[in-house]
Amino acid sequence: MLPYIITFIVLLILFRWADKYSNISIFCCTMSVFLLALLAGMRDNTIGTDTAMYVTDVFNYARMYRNDLDFLLYRVSGVEGGYVFFNYLTVLLTDSLNGYLFIAHGIMITMTVWAVRKFGLRTFLPMFMYLFLYFNSSLNAHRQYLAMSFCLLAFAQLYRQLSWWKIGITMAIAYGFHHSSLLFCLILFFYVLVYRHQTWFDNWKMKALLVVGVIASIYSINVWLEAVIGLGIGDMKYLERYGSSDIYGTNIPISVMALTMFNYGAFCLCRRKVPKEVQGSALTCFADYIFLLCILLCGTALISTFLIRIETYFEILSILLIPYYVYFSRSKWLEYTFIFFYLFVFYMTVYVADLGDSVPYTSTILGI
């Protein structure tokens with residue numbers, strides 16, 4: 001665990017400098033991305049669930065068929081074409097799996113930092129949350145976290161009211177990495193609805209309707225999955241993984257539930273301390289629904305443990321939303337309380353539970 005902690009501390013110092021000294025901000029952020037990508041890239045291929053499985057296989061196939069993209073796409077038909085094409089491009093730059101991991105995580109982290117900056121936030125607290133809540137998960141759910149980094153950027157672009165074609169390109173890349181990112185389009189659409197018709201949603205009746213609707217949707221998840229597959233958007237593997245407990249079983253995700261409930265509580269506390277114009281904003285109304293949805297979607301794990309990945313698309317927005325309200329609340333004790341809790345979550349999930357086989361960190365390159 002020590003390599004993670006040392007790297008995280010160095011990065012947080014750089015992010016703090018990036019917030020404090022505008023003249024070196026870009027340099028500090030660039031160095032932070034480089035160091036974190038280096039940590040991810042120099043690990044052995046046994047670190048991370050997905051890395052030990054399809055990541056190594058797809059990259060090896062890309063090396064074997066580097067001169068025949070069509071056959072490569074045919075040979076690796078069970079994986080998203082965009083992800084296979086990304087491997088094909090990476091092989092043109094490096095023959096090393098470590099080189100691939102460095103590039104992939106470099107892109108992942110760059111998109112995350114870009115989203116934070118585009119949203120208008122200082123980098124320290126958002127990236128603290130990313131490092132201690134999501135970085136180790138990114139070593140495991142590889143394709144999905146590549147997709148989610150672009151989803152996060154797409155939301156920041158939407159919040160800043162950038163051109164729809166820019167948002168569309170960002171989401172198309174996310175979809176190429178993992179088809180489940182299509183779900184995030186619903187989140188973007190929901191934000192547009194709240195922004196344009198806030199009065200529809202800013203009441204308890206709509207929230208009650210949402211609770212009933214989400215519970216009903218979870219209960220009938222197989223019907224939804226079959227409809228999506230029927231439209232040709234996905235294939236049968238999604239029904240087998242997400243709609244059934246036969247492969248992954250069911251499990252109440254205590255750590256995820258605790259995190260989502262804490263984030264909702266943190267949001268409610270901060271909301272009371274922010275200026276009235278922020279309290280009554282469309283973003284506040286949207287955030288209220290998102291955190292409530294995160295709690296409700298923990299129930300998806302009762303259908304299949306694998307299905308909890310749907311909740312992650314909602315939860316990842318906390319990287320932007322929690323710091324936004326912390327900064328507006330101007331409450332240092334709240335910020336320090338959140339930091340302490342997120343450290344506790346990191347310790348319990350990564351070190352104690354060892355979720356995803358990311359601890360201990362081993363690297364043949366570094367000799368550890």
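Heads up: numbering here begins at 1 and tracks the sequence.
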Mind checking whether [X] and [Y] have parallel, tilted or perpendicular rings, split at 30° and 60°?
X      : Y      : value
Tyr313 : Phe184 : tilted
Phe190 : Tyr289 : perpendicular
Tyr342 : Phe338 : tilted

Partner set under ring pair (Phe, Tyr, Trp, His ring centres under 6.0 Å) for Phe135, not counting sequence neighbours: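 Phe135: ring pair (Phe, Tyr, Trp, His ring centres under 6.0 Å) contacts with Phe8.
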Using a distance-only test with no angle check, is there a side-chain donor-acceptor pair under 3.5 angstrom linking [X] and [Y]?
X      : Y      : answer
Asp57  : Tyr61  : no
Tyr264 : Asp288 : yes
Thr284 : Tyr325 : yes

Which heavy-atom pair separates [X] from [Y] by the least distance, and what is that distance?
X      : Y      : value
Asn98  : Gly41  : ND2-O, 2.7 Å
Pro126 : Thr123 : CD-O, 3.4 Å
His142 : Ala104 : CE1-CB, 3.8 Å

- request: Apply side chain to side chain contact (heavy atoms under 4.5 Å, CB included) to the pair Asn45 and Val55, showing each step before the final yes or no.
  value: CA-CA 9 Å; Asn45 63 0; Val55 172; over 6 Å; no
From OG (Ser318) to CG (Leu259), nearest 0.5 Å: 6.5 Å
- prompt: By the rule that ILVMFWY residues connect when side-chain heavy atoms come within less than 4.5 angstrom, directly or transitively, which residues belong alongside Leu2?
  reply: Ile6
query: If only atom types and distance count, is the side chain of Ser149 paired as donor or acceptor with the main-chain N or O of Thr112 below 3.5 Å?
result: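 No, Ser149 side chain to Thr112 backbone: no donor-acceptor pair under 3.5 Å.
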Lys/Arg cation over aromatic Tyr100: Arg63, 6.0 Å, 45° cone: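 The answer is no, since Arg63 fails at least one limit relative to Tyr100.
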- prompt: Which residue pairs pass the side chain to side chain donor-acceptor pair (under 3.5 Å) test with at least one member in residues 162-173, sequence neighbours excluded?
  reply: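 Passing the test, one end in residues 162-173: Gln157-Thr170.
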- request: Answer yes or no: are there more than 12 heavy-atom neighbours, outside Lys20 itself, under 6.0 Å from its atom NZ?
  value: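 No.
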